[in-house]
Amino acid sequence: MKQFQDLLYEKSGQGVSFTGLLEAMVSEVTIVTAVHNIKSNKGSKTAGVDRMKMDKYLQMPKEELFQLIQSNISNYKPKPAKRKYIEKANGKKRPLGIPTVLDRIIQECMRLILEPICEARFYPHSYGFRPYRAQKHAIRDIVNVINASVKSKDQPVWAVEGDIKGCFDNINHRLLLKKLWRIGIHDKRVLKIISQMLKAGYIDQDLYHATEMGTPQGGILSPLLSNVYLNDFDWYVGRCYMEPHRQCKHKCNDTRRLKWSGITPKYNFRYADDWVILTSTEQEAFRMKHELTKYFKHRMKLELSQEKTYVTDLRKNGIHFLGYIVKAERKRKTPDPATWSDNLVGKPFPDMERLTKKIHTLQKEVRKIGLYTQSNTQAAQIQYVNSVIMGLAQYLQPSICSHAYHAIDRRVNNTALAVWKNLFPKQYNQMQVPLKELSNLPHRHEGYDSKTFAIQIDGKWFGITYAFITHSRYESKPFDQKMTPYTEDGRRRYVNYRTKHKPLPCDRPSINTPEDIALSIYASGKGWKANFEYFMNREYAYNRDKGKCKCCGRYFSELIPKHCHHVNPRLPIERINKVPNLAWLCIPCHRMVHNSPIPPELDAKAVRKIKKYREKLKK
DNA sequence: GGGCGTGTCAC
RNA sequence: UUUGUGACACGCCC
């Protein structure tokens with residue numbers, strides 16, 4: 001699969017167009033990969049309008065699922081989506097379109113093939129919905145551009161901050177298909193299916209609604225399609241200045257000469273429907289806003305909100321982008337005059353308005369600790385609070401955030417004080433312990449003397465962590481544009497990038513949460529042992545066991561035939577085929593597990609393992 | 001080195 | 001009963 005995707009990416013980068021994509025989309029390897037990718041999604045447990053869940057497909061024999069997809073694909077009619085509304089952060093509702101599970105599988109099959117093709121043509125400074133790219137990379141990119149021309153007269157300190165009205169919901173179907181064709185998808189059957197998908201409509205409270213425009217929020221393909229749609233906008237702005245060499249190889253691509261010919265530098269960045277353009281003069285910024293309003297209206301069939309598209313002087317105000325606020329400020333004075341300068345540099349700050357709201361919900365969770373009476377559930381709530389704190393802290397990491405960290409820590413600590421006073425009126429003072437003495441997150445808390453509120457279980461302390469331990473990683477290196485999952489080089493760069501930010505291994509005692517207890521109650525049932533799930537999971541088990549017999553350790557071959565053994569065959573259908581319950585054995589060992597006599601010359605280690613599996617069979 | 005699960009954030 | 005993609009963190013298992 002990976003090799004095929006690499007090939008698509010390479011060819012697409014060379015400008016090749018593709019036909020015959022449909023065959024690739026319904027090949028067995030694509031379907032297996034697609035099911036693997038989406039089965040662990042949260043949504044695999046929720047059904048679409050046909051009330052079918054993921055388990056249903058996992059428990060089919062594999063040929064049946066392949067046939068189900070392959071026989072319908074040439075004249076495929078997707079089902080309407082289920083309409084749901086979710087609260088957004090700003091209180092508004094966001095409409096969701098949930099396709100059926102089968103449609104999600106098919107969309108994922110299409111995404112596996114289409115994404116490499118599109119990725120090769122996407123604009124380098126587009127960051128939303130793309131593999132290996134995150135918000136922090138976009139922010140990093142913006143700051144770098146401001147800093148790169150720190151000495152020059154035309155430093156880009158003016159910004160146009162864009163807002164497209166209901167971007168997902170207003171995408172024009174005909175135009176999108178045209179753009180897909182232009183990007184190299186020349187398989188008419190595939191475009192037909194996408195068109196059917198877009199027009200499948202939705203069902204809201206048993207009523208069918210048709211969709212004339214937009215791509216369903218909730219569809220697996222939708223994010224990719226939105227990037228295809230807006231890719232032309234990226235290049236429309238970007239090819240003038242930022243990436244001139246990419247599309248006009250033989251023309252002048254020297255930025256200095258572009259400047260000479262009267263083009264004002266501009267730099268554009270996009271994250272999904274959020275975008276920012278930087279330029280050096282106020283006049284140019286307003287001209288861009290005006291020009292792009294027309295561009296969106298006529299070329300994109302989208303509307304740019306005039307009120308919410310701001311032109312900002314970065315020296316005076318910050319731009320709101322992805323939950324951060326980016327400003328251009330003077331460099332902080334350093335004692336060494338050699339490094340000090342009067343120049344402006346880009347600085348990302350946390351969006352404190354949003355953060356304050358998040359701290360309030362965090363404080364509510366801290367107060368919940370006081371509602372529990374058992375120390376185990378209190379500890380579980382502390383763990384939950386800690387995960388929220390660490391999540392927030394790590395999100396703020398790429399910005400200048402020490403101030404924000406202290407705001408979080410101060411408020412959490414104050415709330416905790418009130419909770420502890422209430423819980424332990426007499427001893428709450430003794431229940432503030434240094435971080436380094438906590439049993440939870442020991443690696444994180446190593447060497448920190450600051451005291452925090454904690455509770456004691458079996459002589460071990462479990463306490464609330466602090467945000468400030470997560471150090472600001474503001475000055476990390478620029479984003480490597482060559483990282484992509486679709487080339488050998490791109491993957492290598494990515495692995496290098498990741499290992500620099502090495503994770504710290506952590507050893508902590510586990511605590512029983514209410515969820516654990518719920519998980520221990522299972523219904524029993526009979527059914528297929530060799531269903532689709534089994535077919536997939538035994539491959540993972542094979543990789544885990546590295547192609548060796550789990551008992552005698554011999555590598556499998558034609559001479560040493562193998563068998564995938566169910567460790568506990570009495571488990572219910574939804575558990576029997578999970579990876580931990582599968583073990584690859586050579587045929588002789590497998591027979592011995594099922595009570596054939598063990599020859600005396602057999603290795604003692606192997607005998608022990610065989611006996612272990614025998615025990616598990618009996619239970 | 002792999003798999004599973006939980007949580008945070010963005011859109 | 002909340003879809004999707006990406007990033008990150010933690011835990012468990014082998």
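Numbers restart at 1 for each chain; the letters A, B, ... are given by sequence-line order, proteins then strands.
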Considering every strand and a 4.0 Å limit on heavy-atom distances, what is the contact class for A:Arg354: base, sugar-phosphate, or nothing? sugar-phosphate
Both A:Gly218 and A:Gln135 contact RNA chain C. Taking the nearest nucleotide for each, which residue is further toward the 5' end? A:Gly218
Could you please name the option among C:A7, B:dC11, B:dT8 that lies closest to any side-chain atom of A:Tyr132? C:A7
Can you tell me the distance, in whole Å, between the CD1 atom of A:Ile408 and the P atom of B:dC9? 10 Å
Atom CG of A:Leu221 and atom P of C:U3: how far apart are they, to the nearest Å? 18 Å
Please name all residues satisfying salt bridge (Lys or Arg N to Asp or Glu O under 4.0 Å) with A:Lys368, sequence neighbours left out, ordered by chain then number. A:Glu365
Nucleotide nearest A:Glu108 (side chain, heavy atoms from C-beta), chosen from B:dC9, B:dG7, C:U5: C:U5
Can you tell me the distance, in whole Å, between the CG atom of A:Asn386 and the P atom of B:dG7? 15 Å
For C:U3, take OP1 and OP2 only and decide whether either is under 4.0 Å from a side-chain N or O of A:Tyr85. no
Report the nucleotide, chosen from C:G4, C:A9, C:U2, that has the shortest atom-to-atom distance to any side-chain atom of A:Leu96. C:U2
Roughly, in whole Å, what's the span from CG in A:Asp274 to C1' in B:dC9? 14 Å
I'd like to know if A:Asp232 pairs up with A:Lys179 as an ion pair, taking the criterion as any Lys NZ or Arg NE/NH1/NH2 lying under 4.0 Å from an Asp or Glu carboxylate oxygen. yes
Taking only side-chain N and O atoms of A:Lys84, does any of them lie within less than 4.0 angstrom of OP1 or OP2 on C:U3? no
Around atom NZ of A:Lys482, are there more than 12 heavy atoms of other residues, nucleotides or ligands at under 6.0 Å? no
Gap between atoms CG and C1', on A:Leu392 and B:dA10 respectively (whole Å): 13 Å
Has A:Lys82 got its NZ or CZ under 6.0 Å from the middle of the six-membered ring of A:Tyr202, at an angle within 45 degrees of the ring axis? no
Classify the nucleic acid contact of A:Tyr127 as base, sugar-phosphate or nothing, counting any heavy atom under 4.0 Å across all strands shown. nothing
Look at the side-chain N and O atoms of A:Lys358 and state whether any lies under 4.0 Å from the OP1 or OP2 oxygen of B:dA10. yes
Once you apply a heavy-atom cut-off of 4.0 Å, does A:Leu322 come out as touching a base, just sugar-phosphate, or nothing? sugar-phosphate
Nearest to the side chain of A:Asp273, heavy atoms from C-beta on, is which of B:dC11, B:dT8, C:G6? B:dC11
Of the candidate nucleotides B:dG7, C:G6, C:U3, which contains the atom at the shortest distance from the side chain of A:Arg104? C:U3
Among all residues two or more places apart in sequence or in another chain, which pass the ring-ring contact (aromatic ring centres under 6.0 Å, His included) test with A:His137? A:Phe479, A:Tyr497
Starting from the 5' end of RNA chain C, give me the residue, A:His137 or A:Pro99, whose nearest nucleotide shows up first. A:Pro99
Of the listed nucleotides (B:dC11, C:U5, B:dG7), which one gets closest to any side-chain atom of A:Ile220? C:U5
Which nucleotide wins on minimum distance to the side chain of A:Phe129, given the candidates C:U5, B:dT8, C:A7? C:U5
Watson-Crick and G-U pairing of RNA chain C written in dot-bracket, each distance under 3.5 angstrom, with | for inter-strand partners: ...|||||||||||
Closest to the A:Val388 side chain, choosing from C:U5, C:U3, B:dT8: B:dT8
What is the distance from OH of A:Tyr271 to P of C:U5, rounded to the nearest Å? 13 Å
Results of ring-ring contact (aromatic ring centres under 6.0 Å, His included) for A:Tyr613 - residues two or more places apart only: A:His565
Does A:His209 NE2 have over 12 foreign heavy atoms under 6.0 Å away? yes
Let me know the distance between CD of A:Glu161 and P of B:dC11, rounded to the nearest Å. 11 Å
Could you tell me the separation between the CH2 atom of A:Trp275 and the P atom of B:dC11, rounded to a whole number of Å? 16 Å
Run the salt bridge (Lys or Arg N to Asp or Glu O under 4.0 Å) test against A:Arg111 and tell me which residues pass, sequence neighbours left out. A:Glu108, A:Glu115
Of all residues at least two apart in sequence or in a different chain, which pass the salt bridge (Lys or Arg N to Asp or Glu O under 4.0 Å) check with A:Lys165? A:Glu303
Is A:Gly219 touching bases, backbone alone, or none of the nucleic acid, heavy atoms closer than 4.0 Å? sugar-phosphate
